[in-house]
Amino acid sequence: MRRKLIAGNWKMHGNLVDNEALLHGILAGMGDVKAGVAVSVPFPYLAQVKAKLAGSRIAWGAQNVSQHAKGAYTGEISAAMLNDFECKYVIVGHSERRAVYGESDQLVAEKYAAAQTAGLVPILCVGETLEERESGVTEAVVARQIDAVLAKSGVISLANAVIAYEPVWAIGTGRTASPEQAQAVHAFIRGKIRGLDADVANNLVIQYGGSVKGANAAELFVQPDIDGGLIGGASLSAEEFLAICRAG
Ligand code: 13P
């Protein structure tokens with residue numbers, strides 16, 4: 001039985017004062033949460049979340065990482081640096097990184113490998129645009145995104161990774177994929193991995209992301225191949241995030 005994992009992705013939001021209140025609120029409400037919980041925060045707040053969450057049931061991580069281990073890469077952050085802040089997770093290949101910063105499947109695969117080399121658990125985001133869905137290539141797009149990682153790191157690497165299916169058209173739009181739409185893609189992903197390694201596939205946590213709220217989390221998480229969520233906007237409210245966590 002896979003344990004659900006609910007991860008907040010704060011994106012580029014927060015400040016020291018608001019974060020303190022948000023983390024306090026989440027910690028205070030964790031008593032009846034059974035799922036695993038994590039938050040991915042902007043780099044400058046890693047020290048704050050480490051101080052606040054150390055010893056709690058909530059893990060933390062970053063939202064991006066360099067593909068390089070070290071060197072002359074001004075403005076970049078290495079996986080080893082994330083280890084200094086005891087990150088467990090790092091998001092790689094978020095659709096905003098792919099679309100706004102031009103990250104290719106190949107680059108995402110390199111970041112995934114760099115994260116794992118340093119002992120971090122990558123949360124690999126995949127998902128299609130609306131145009132791709134409407135032209136019937138959702139599975140081909142998701143397969144291509146995963147294949148880049150498989151080619152570089154092999155299927156066994158997924159034993160220490162999370163996949164987040166985030167349809168681009170559902171991110172920040174209020175338009176959630178229906179439970180059936182999401183389940184279909186999750187089943188496709190698991191089936192693809194099962195063809196390579198059944199144990200890895202059965203244990204792989206595949207999160208759904210895209211306009212998850214307290215009100216729609218339960219119907220998504222009850223689907224057989226949906227193992228929790230990657231939560232954007234709703235993770236900025238302790239009450240809303242906890243409602244999602246309780247549905248996991
Ligand atoms: P929203 O929950 O705001 O739609 O964002 C989803 C997301 O991109 C999480 O990584």
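Counting starts at 1 for both ligands and their atoms, following the listed order.
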S.K.: Between the side chains of N15 and D18, is a donor N or O closer than 3.5 angstrom to an acceptor N or O?
M.R.: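 Short answer, yes.
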S.K.: Which N/O atoms of ligand 1 sit under 3.5 Å from a protein N/O, and at what distances?
M.R.:
residue	atom	partner	partner atom	Å
ligand 1	2 (O)	G232	N	2.9
ligand 1	3 (O)	G233	N	2.8
ligand 1	4 (O)	G172	N	2.6
ligand 1	4 (O)	S211	N	2.7
ligand 1	5 (O)	K11	NZ	3.2
ligand 1	8 (O)	K11	NZ	2.9
ligand 1	8 (O)	H94	NE2	2.7
ligand 1	8 (O)	E166	OE1	3.4
ligand 1	10 (O)	N9	ND2	3.0
ligand 1	10 (O)	H94	NE2	2.9
ligand 1	10 (O)	E166	OE1	3.2
ligand 1	10 (O)	E166	OE2	2.9

S.K.: Using the test ring-ring contact (aromatic ring centres under 6.0 Å, His included), find all partners of F43 that sit at least two apart in sequence or belong to another chain.
M.R.: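 ring-ring contact (aromatic ring centres under 6.0 Å, His included) list for F43, sorted by chain: empty.
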S.K.: Which ILVMFWY residues can you reach from L230 by hopping between side chains whose heavy atoms are under 4.5 Å apart?
M.R.: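 Noted: L230 shares its cluster with L5, Y89, I91, V121, I123, V162, V205.
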S.K.: May I ask you to check whether N19 and K52 show a side-chain donor-acceptor distance below 3.5 Å?
M.R.: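 No, K52 and N19 have no side-chain donor paired with an acceptor closer than 3.5 Å.
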S.K.: Determine which pairs satisfy ring pair (Phe, Tyr, Trp, His ring centres under 6.0 Å) with at least one residue from residues 157-183, sequence neighbours left out, and list them in order.
M.R.: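 Only Y165-H186 qualify under ring pair (Phe, Tyr, Trp, His ring centres under 6.0 Å).
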S.K.: For N202 and R190, does a side-chain donor sit closer than 3.5 Å to a side-chain acceptor?
M.R.: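 N202 vs R190: no donor-acceptor pair found between side chains.
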